[in-house]
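Each chain gets a letter, A, B and so on, in the order the sequences are listed, and its residues count up from 1. Here the structure is a predicted model, which is why all the values come from computation and not from measurement.
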Amino acid sequence: MKRLTGVALGATLIPPESEAELLARAARLTGQRLEDIAAAMQSPVPLDLRRAKGFAGQLFERALGATASSRAVPDFERLGIELKSLPVDRRGHPCESTFVCTISLREVGEVEWEQSRAFAKLRRVLWIPVEGERSIPPADRRVGTPLLWSPSAAEEAQLRADWDQLGTLIFAGRIEEITGHVGKYLQVRPKGKNASARRRYWDEDGAVTSTMPRGFYLRASFTARVLSAHFVLPYS
DNA sequence: TATTGATCATAT
DNA sequence: ATATGATCAATA
């Protein structure tokens, strides 16, 4: 098994300076178990993900030299590339939806798709598939083949249509009508500490009101399409 | 059993 | 507070 010496030394990694460099780093993760990567970084692996839901994504960020931390910009800011771990089943099909970004209620209606945070993160994505079945302990989950991706014209058009539809509903003050059923590829779901979390904003009448924090997510049916022409798992 | 709504941890 | 990293778990 190839080791990660030179990639992950435990110290802060210098950010990749090009797409090629980033892809080369990501390629070295392929076939590794999460435990192998974590060990190279001298970092522990949780026994389950119930209290470490972001473990794989954060491990990949550190292993590849991501720079964004928790700021609302793509992970590799200079390259304009967003990093997404993608849990897949044994057939390479996504297990879960993919979080894109939180929803800024004041930004809705003020910017176009091209200026949106959603587009900034989706225009170029490094997908890193990883075994995601709950029966596999996190330590043993293996990394698949990374894919550096941009939406096709048709995909982007549908993402924009969803974003427009959802944004129009929010701007019209109908946010409470939005459920996870709305949107073909992009949906809106809660994204908060819990169901009691509130986000304050000024409604269209200028009155202060509040609602649950929400985020944009990509449906698993969309990420399945993204991976459809891609050889995900380098093992059987 | 696929999907929606709820939830957990960390950074700034 | 609100952004990031997501997966869990109840529901349809």
Original post:
Do A:Glu110 and A:Arg117 meet the salt-bridge criterion of a basic N to acidic O distance under 4.0 Å?
Top reply: no

Subject >> Separation of atom CD1 in A:Ile136 from atom P in C:dT7, rounded to whole Å >> reply: 13 Å

Subject >> Whole angstrom value for the distance that separates C1' of C:dG5 from CZ of A:Phe60 >> reply: 12 Å

Original post:
Counting N and O atoms only, with roles assigned by atom type, does the side chain of A:Asp75 sit under 3.5 Å from a partner on the main chain of A:Leu83, one being a donor and the other an acceptor?
Top reply: yes

**OP:** Locate the shortest heavy-atom distance separating A:Val45 from A:Leu34; write the atom from each residue and the value.
**Re:** CG2-O, 4.4 Å

Original post:
What is the distance, rounded to the nearest whole Å, between atom CG of A:Asp75 and atom P of B:dT10?
Top reply: 19 Å

Original post:
What is the distance, rounded to the nearest whole Å, between atom CD of A:Glu133 and atom C1' of C:dC8?
Top reply: 16 Å

**OP:** Can you see which heavy atom on A:Leu29 is nearest to which on A:Ile128, and at what distance?
**Re:** CD1-CD1, 4.4 Å

Original post:
Has A:Glu133 got more than 12 heavy atoms of other residues, nucleotides or ligands less than 6.0 Å from its CD?
Top reply: yes

**OP:** May I have the distance from A:Leu105 (atom CG) to C:dA3 (atom C1'), rounded to whole angstrom?
**Re:** 14 Å

**OP:** Compare the minimum distances between each of B:dT3, C:dA3, C:dG5 and the side chain of A:Arg117, then state the nucleotide with the smallest one.
**Re:** C:dA3

**OP:** Under 4.0 Å between any heavy atoms, over every strand shown, what does A:Arg214 touch: base, sugar-phosphate, or nothing? Just pick one.
**Re:** nothing

Original post:
At under 4.0 Å between heavy atoms, what does A:Ala195 touch on the DNA or RNA strands: base, sugar-phosphate, or nothing?
Top reply: sugar-phosphate

**OP:** Verify the contact: side-chain N or O of A:Arg134 to OP1 or OP2 of C:dC8, cut-off strictly under 4.0 Å; return yes or no.
**Re:** yes

Original post:
Taking the six-membered ring for Trp, are A:Phe119 and A:Trp113 parallel (under 30°), tilted (30 to 60°) or perpendicular (over 60°)?
Top reply: tilted

Original post:
For A:Pro87, which contact category applies under a 4.0 Å heavy-atom criterion: base, sugar-phosphate, or nothing?
Top reply: sugar-phosphate

Original post:
Hey, are A:Glu114 and A:Arg160 close enough for a salt bridge, meaning a charged N less than 4.0 Å from a carboxylate O?
Top reply: yes

**OP:** Figure out the NZ/C1' separation between A:Lys84 and C:dA6, and round it to whole Å.
**Re:** 8 Å

Original post:
NA contact type, A:Tyr217, heavy-atom cut-off 4.0 Å: base, sugar-phosphate, or nothing?
Top reply: base

**OP:** Output the residues of residues 172-194 of chain A in contact with DNA chain C, where contact means a heavy atom of the residue under 4.0 Å from an atom of the strand; sort by number or write none.
**Re:** A:Arg189, A:Lys191

**OP:** Identify, between A:Ile103 and A:Ala56, the residue whose nearest nucleotide on DNA chain C lies closer to the 5' end.
**Re:** A:Ile103

**OP:** Side chain of A:Met212 only, please: which of C:dT2, B:dA6, C:dT4 is the nearest?
**Re:** B:dA6

Subject >> B:dT10 OP1/OP2 closer than 4.0 Å to side-chain N/O of A:Arg51 >> reply: no

Subject >> DNA chain B: 5'-proximal contact among A:Gln58 and A:Ser221 (nearest heavy atom) >> reply: A:Ser221

Original post:
What integer distance in Å separates A:Phe222:CZ from B:dT3:P?
Top reply: 15 Å

Subject >> Of the listed nucleotides B:dT3, C:dT4, B:dA11, the one nearest the side chain of A:Arg219 >> reply: B:dT3

Original post:
What is the nucleic acid contact for A:Ser85, judged by heavy atoms within less than 4.0 Å: base, sugar-phosphate only, or nothing?
Top reply: sugar-phosphate

Original post:
Taking A:Asp36 for the side chain and A:Ala39 for the main chain, is one N or O donor matched with an acceptor at less than 3.5 Å?
Top reply: no

Subject >> Phosphate OP1/OP2 of C:dA3: any A:Thr102 side-chain N/O under 4.0 Å >> reply: yes

**OP:** Specify the separation, in whole Å, of atom OH of A:Tyr201 and atom P of C:dT2.
**Re:** 13 Å

**OP:** Respond yes when some side-chain nitrogen or oxygen of A:Arg50 is under 4.0 Å from OP1 or OP2 of B:dT7, and no when none is.
**Re:** no

